[in-house]
Amino acid sequence: MAKQDKESFVTEITPRSQDFSRWYLDVVRRAELADYSPVKGCMVIRPYGYAIWELIQQAFDKEFKRTGHQNAYFPLFIPESLLTKEAEHVEGFAPQVAYVTHGGGEELEEKLVVRPTSEAIFGTMYAKWIQSWRDLPILLNQWANVVRWEKVTRPFLRTTEFLWQEGHTAHETAEEAETETRMILDLYSSLSHRVLAMPVVKGQKSESEKFAGALRTYSIEALMGDGRALQAGTSHNLGQNFAKAFEIKFQARDKSVQHVWGTSWGVSTRLVGGIIMTHGDDSGLVLPPAVAPHQVVIIPIGRENWRETVLPRAKEIQAELVAAGIRVTLDERDERPGWKFSEWELRGVPIRLEIGLKDIEKAHVMIARRDTREKMSLPMDGVAPRLRELLDDIQQNLLNRALAFREEHTQRASTYDEFKAAMDGRPGFVISPWCGSADCEAQIKTETQATIRNMPIDGQSPGGTCVHCDKPAVAEAWFAKSY
RNA sequence: CGGGGCGUGGCUCAGCCUGGUAGAGCGCUCGGUUUGGGACCGAGAUGUCGGAGGUUCGAAUCCUCUCGCCCCGACCA
């Protein structure tokens, strides 16, 4: 706990500048987003945190459906033999897999793995369902929990069990699979910007960072408030790797028998952590209106009998806002207004609406926006459409602010000296040409802790030589220390 | 998994070195006064001191083991 000066109204939150990690944990705890559970590495997502996740889910799910995907549900358990079918896949996930060895009081003949991801089980079922090119494409998604045994965990950012969405598709041609992979990447990027107000860099992962078993992996990478990067979503072109391992075959238009081309892609509850670390400040959470469980909180102000004098009018305004499609809550608890202000700021509610007798007399209300802390007076008449606009403005402002932050924390380096200076200086992205060698990548990581986050698809052509060695560069890579 | 730190009421922590009836602030409950930026007064409730073993007449305190959390590194959505 850190005592604050009088100007920041919240106590028990460590200032960001003092200790970013602690600040993050304080916000998660104080805003009641999540709590530690009795199980190591597993958190309980509390109602407020879960409400944010539900809004994220809704926004993403809508886009998946719009682009032709259907939801389904596949089992939590996967027979060990299935997971081991794709060699690179097993190797990648083996250290993180949890096993079920007993059931019904007896030892199982074949161990079951608790899914760390579901390519194996989707692949197995796709092999049964696909016979003809007419069965393609198959475009499925599932919202599920997965388990990966992690050594170091942090709420939302890395937990042993986490919630996510995983899309699994099968296509007739390589081109279609690549189109799907890239389309999803674009969709993730667009949702990140529009809904989470979290700018991301779209790009391809290096060979060493790609998904185990994929042909290639694309990711969206966001920059957190402490200058570290967060992988916020991945989209994999699986090629025919899983199709061959699971014998997912179909008879093509030319009568030949071929393997399907697969993709898989996912975003997780990690996005909640991304929102916290992108927008939050020393007073707590700052939520983009699109994912704020309460977009407006109404706080009645009054002396003795505010319940009689102010509350009825507050309820009318609440009804007006609800009718306008705004998520609004009225805080009529017996607490002092100042206490409520702090409490809702800590929870990141975008707009606070204060209404007291003075306001009712003048037929206006007091408004305070969370992002800029600006206060203003608005006429009661037409308050709903005005707040609607204000919410849009806050959403846009948060994105702009995050974009500006990323600009300030993105540097270019063409020599290794410049690179190291940049990494030691202002934390953030450093864009540099790279030769494509895993050795260079590994050495840079050892020496600076920075990794290649990705290589932007629409990035500039590199030119010149690798930032680490003197071989010609093959790509322009975005480096950063990452979560 | 290595290095470091920490586990005492819901939260933040004191007490441990030097063993002897478990404490503070905040929060919570009740009553009252209050209410436009985290109010005040009064009265209360809340603890197997993370867990297990040991040493001792006696352990929050000493010893051993163990579990969990945090920070820094190696692996990952």
Side-chain angles (χ1 to χ4, degrees), chain A residues 1-4 6-14 19-22 24-26 29-30 32 35-43 92-97 116-117 145-166 188 205 208-212 217 219-222 230-236 264-274 283-284 299-307 310 333-346 352-359 365-366 368 373 375 377 442 445-446 449 451 481-483:
Chain A
M1 174 172 136
K3 281 288 173 202
Q4 310 286 295
K6 304 288 183 291
E7 276 147 36
S8 60
F9 305 108
V10 176
T11 53
E12 292 184 18
I13 295 184
T14 306
D19 185 339
F20 194 84
S21 287
R22 192 162 292 277
Y24 175 80
L25 294 167
D26 286 345
R29 177 175 53 84
R30 289 278 290 127
E32 298 183 351
D35 201 354
Y36 295 104
S37 77
V39 185
K40 178 182 165 66
C42 295
M43 64 173 174
F93 279 102
Q96 291 186 279
V97 162
T117 179
N145 58 339
V146 286
V147 167
R148 297 182 187 176
W149 221 255
E150 297 286 354
K151 296 182 173 159
V152 179
T153 58
R154 315 182 73 186
F156 293 110
L157 300 176
R158 177 169 297 107
T159 46
T160 299
E161 177 189 10
F162 58 95
L163 304 183
W164 76 345
Q165 126 318 278
E166 50 180 324
Y188 282 168
K205 283 289 193 183
S208 63
E209 299 258 343
K210 74 164 199 205
F211 176 74
T217 290
S219 73
I220 51 170
E221 304 279 338
L230 183 77
Q231 179 172 302
T234 47
S235 184
H236 317 291
S264 68
W265 28 274
V267 296
S268 71
T269 35
R270 175 179 270 189
L271 291 178
V272 177
S283 297
I299 299 182
I301 310 287
R303 294 201 166 74
E304 302 94 50
N305 49 350
W306 60 272
R307 283 186 185 278
V310 178
R333 289 176 297 177
D334 273 323
E335 298 287 353
R336 300 166 70 85
W339 186 87
K340 293 179 182 176
F341 294 174
S342 302
E343 196 67 12
W344 291 109
E345 273 166 15
L346 170 61
R352 177 178 76 236
L353 187 155
E354 303 169 27
I355 176 166
L357 278 179
K358 279 186 259 174
D359 304 298
V365 291
M366 285 304 296
R373 297 193 170 273
K375 292 184 191 180
S377 171
K445 184 176 179 181
T446 308
Q449 291 174 34
T451 51
K481 293 174 189 169
S482 75
Y483 274 95

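In what follows, chains are A, B, ... by sequence order, proteins preceding strands, each numbered from 1.
In this model, no side-chain donor or acceptor of A:Arg336 finds a partner on the base of B:G36 within 3.5 Å. The base of B:G38 is paired with the side chain of A:Arg30 by a donor and an acceptor separated by under 3.5 Å. Side-chain atoms of A:Glu343 and base atoms of B:G38 include a donor and an acceptor less than 3.5 Å apart.
When rounded to the nearest whole Å, the span between CD of A:Gln96 and P of B:A74 equals 16 Å. Rounded to whole Å, the distance from CD1 on A:Ile301 to P on B:G37 is 8 Å. Rounded to an integer number of Å, the gap from CZ of A:Arg333 to C1' of B:G27 is 14 Å. In this structure, the CD atom of A:Glu335 is 13 Å from the C1' atom of B:U29, given to the nearest Å. Straight-line distance from the CD atom of A:Glu150 to the P atom of B:A77: 8 Å, rounded to whole Å. To the nearest angstrom, C1' of B:C40 lies 17 Å from CH2 of A:Trp339. Note: CG (A:Leu346) to C1' (B:G37) measures 14 Å, nearest angstrom. The CD1-C1' distance, from A:Ile299 to B:G38, rounds to 12 Å in whole Å.
Ion pairing between a basic and an acidic side chain is recognised when a charged N comes within 4.0 Å of a carboxylate O; A:Lys205 and A:Glu221 show such pairing.
Among the protein residues, A:Gly266 comes within range of no part of the nucleic acid, since none of its heavy atoms lies under 4.0 Å from any strand. Using a 4.0 Å heavy-atom cutoff across all strands shown, A:Ile355 reaches no nucleic acid atom at all. Counting non-hydrogen atoms under 4.0 angstrom, A:Lys358 reaches a base of the nucleic acid. Residue contacts for A:Lys375: at a heavy-atom cut-off of 4.0 Å it reaches a base atom on one of the strands shown. Nucleic acid contact class of A:Thr446 (heavy atoms, under 4.0 Å, all strands): none.
Base pairing analysis places B:A60 opposite nothing; no Watson-Crick or G-U wobble pair with both distances below 3.5 Å involves it. Nucleotide B:C1 forms a Watson-Crick or G-U wobble pair with B:G73, both donor-acceptor distances falling under 3.5 Å. Pairing partner, B:A22: none, since no Watson-Crick or wobble contact has both distances short of 3.5 Å. Of all nucleotides present, none satisfies the Watson-Crick or G-U wobble test against B:G37 with each distance under 3.5 Å. Across all strands shown, nothing is found opposite B:U55 as a Watson-Crick or G-U wobble partner with both distances under 3.5 Å. In this structure B:G42 sits in a base pair with B:C30, meeting the Watson-Crick or G-U test at under 3.5 Å. With a 3.5 Å ceiling on both atom-pair distances, the Watson-Crick or G-U wobble partner of B:G68 is B:C6.
Comparing the C1' positions of B:G50 and B:A45 gives a spacing of 24 Å, expressed to the nearest Å. As rounded to the nearest Å, B:G27 and B:G9 have C1' atoms that lie 11 Å from one another. Rounded to whole Å, the P atom of B:C67 lies 25 Å from the corresponding atom of B:G10. Of the P atoms belonging to B:A52 and B:G68, the separation is 16 Å, rounded to the nearest Å. A gap of 14 Å separates the C1' atoms of B:C6 and B:C16, to the nearest Å. Taking atom P in both B:C26 and B:C71, the straight-line distance is 29 Å, to the nearest Å. B:U18 and B:C63 have their P atoms separated by 10 Å, with the value rounded to a whole Å. Taking atom C1' in both B:G7 and B:C49, the straight-line distance is 10 Å, to the nearest Å.
Within a 6.0 Å radius of CH2 in A:Trp149, no more than 12 heavy atoms belonging to other residues, nucleotides or ligands are found.
At a threshold of 4.5 Å between non-hydrogen side-chain atoms, the residues A:Pro155 and A:Tyr36 count as touching. Two residues are said to be in side-chain contact when any heavy atoms from C-beta on lie closer than 4.5 Å; A:Ser37 and A:Met43 fail this criterion.
Taking CZ of A:Phe20 as the start and CG of A:Leu25 as the end, the distance is 10.5 Å to the nearest 0.5 Å. Between the OG1 atom in A:Thr159 and the CG atom in A:Asn145 there is a gap of 10.5 Å [rounded to 0.5 Å]. Here CD of A:Glu354 is found 11.0 Å from NZ of A:Lys340. Values are rounded to the nearest 0.5 Å.
Along RNA chain B, the nucleotide nearest A:Leu157 and the nucleotide nearest A:Pro337 are compared for position; the residue whose nucleotide lies closer to the 5' end is A:Pro337. Between A:Lys210 and A:Trp306, the residue anchored closer to the 5' end of RNA chain B is A:Trp306, taking for each the nucleotide with the nearest heavy atom.
Under a 3.5 Å cut-off, the side chain of A:Arg148 and the backbone N or O of A:Thr160 do not form any donor-acceptor pair. At least one donor-acceptor pair under 3.5 Å links the side chain of A:Thr217 to the backbone N or O of A:Phe211. Judged purely by atom type and a 3.5 angstrom limit, A:Tyr24 has no side-chain atom pairing as donor or acceptor with the backbone of A:Asp19.
Judged by the 6.0 Å and 45° rule, A:Arg270 forms no cation-pi pair with A:Phe162.
Taking only side-chain atoms of A:Ser342, from C-beta outward, the nucleotide of B:C11, B:G38, B:G36 with the closest atom is B:G38. With distances taken from any side-chain atom of A:Arg352 to the nucleotides B:C75, B:G37, B:A77, the minimum falls on B:G37.
Scanning all heavy atoms of the two residues, the minimum distance from A:Thr451 to A:Ser482 falls at OG1-OG, 4.0 Å.
Of the listed residues (A:His236, A:Glu166, A:Gln165), just one forms a side chain to side chain contact (heavy atoms under 4.5 Å, CB included) with A:Trp265, and that residue is A:Gln165.
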Pick out the pairs of N or O atoms, protein on one side and nucleotides 4-8 of chain B on the other, that lie under 3.5 Å.
none

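Under 4.0 angstrom from either OP1 or OP2 of B:C75 there lies no side-chain N or O belonging to A:Arg148.
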Please encode protein proximity along nucleotides 68-73 of chain B as a string of B, S and -, counting only heavy-atom distances under 4.0 Å. SSSS-B
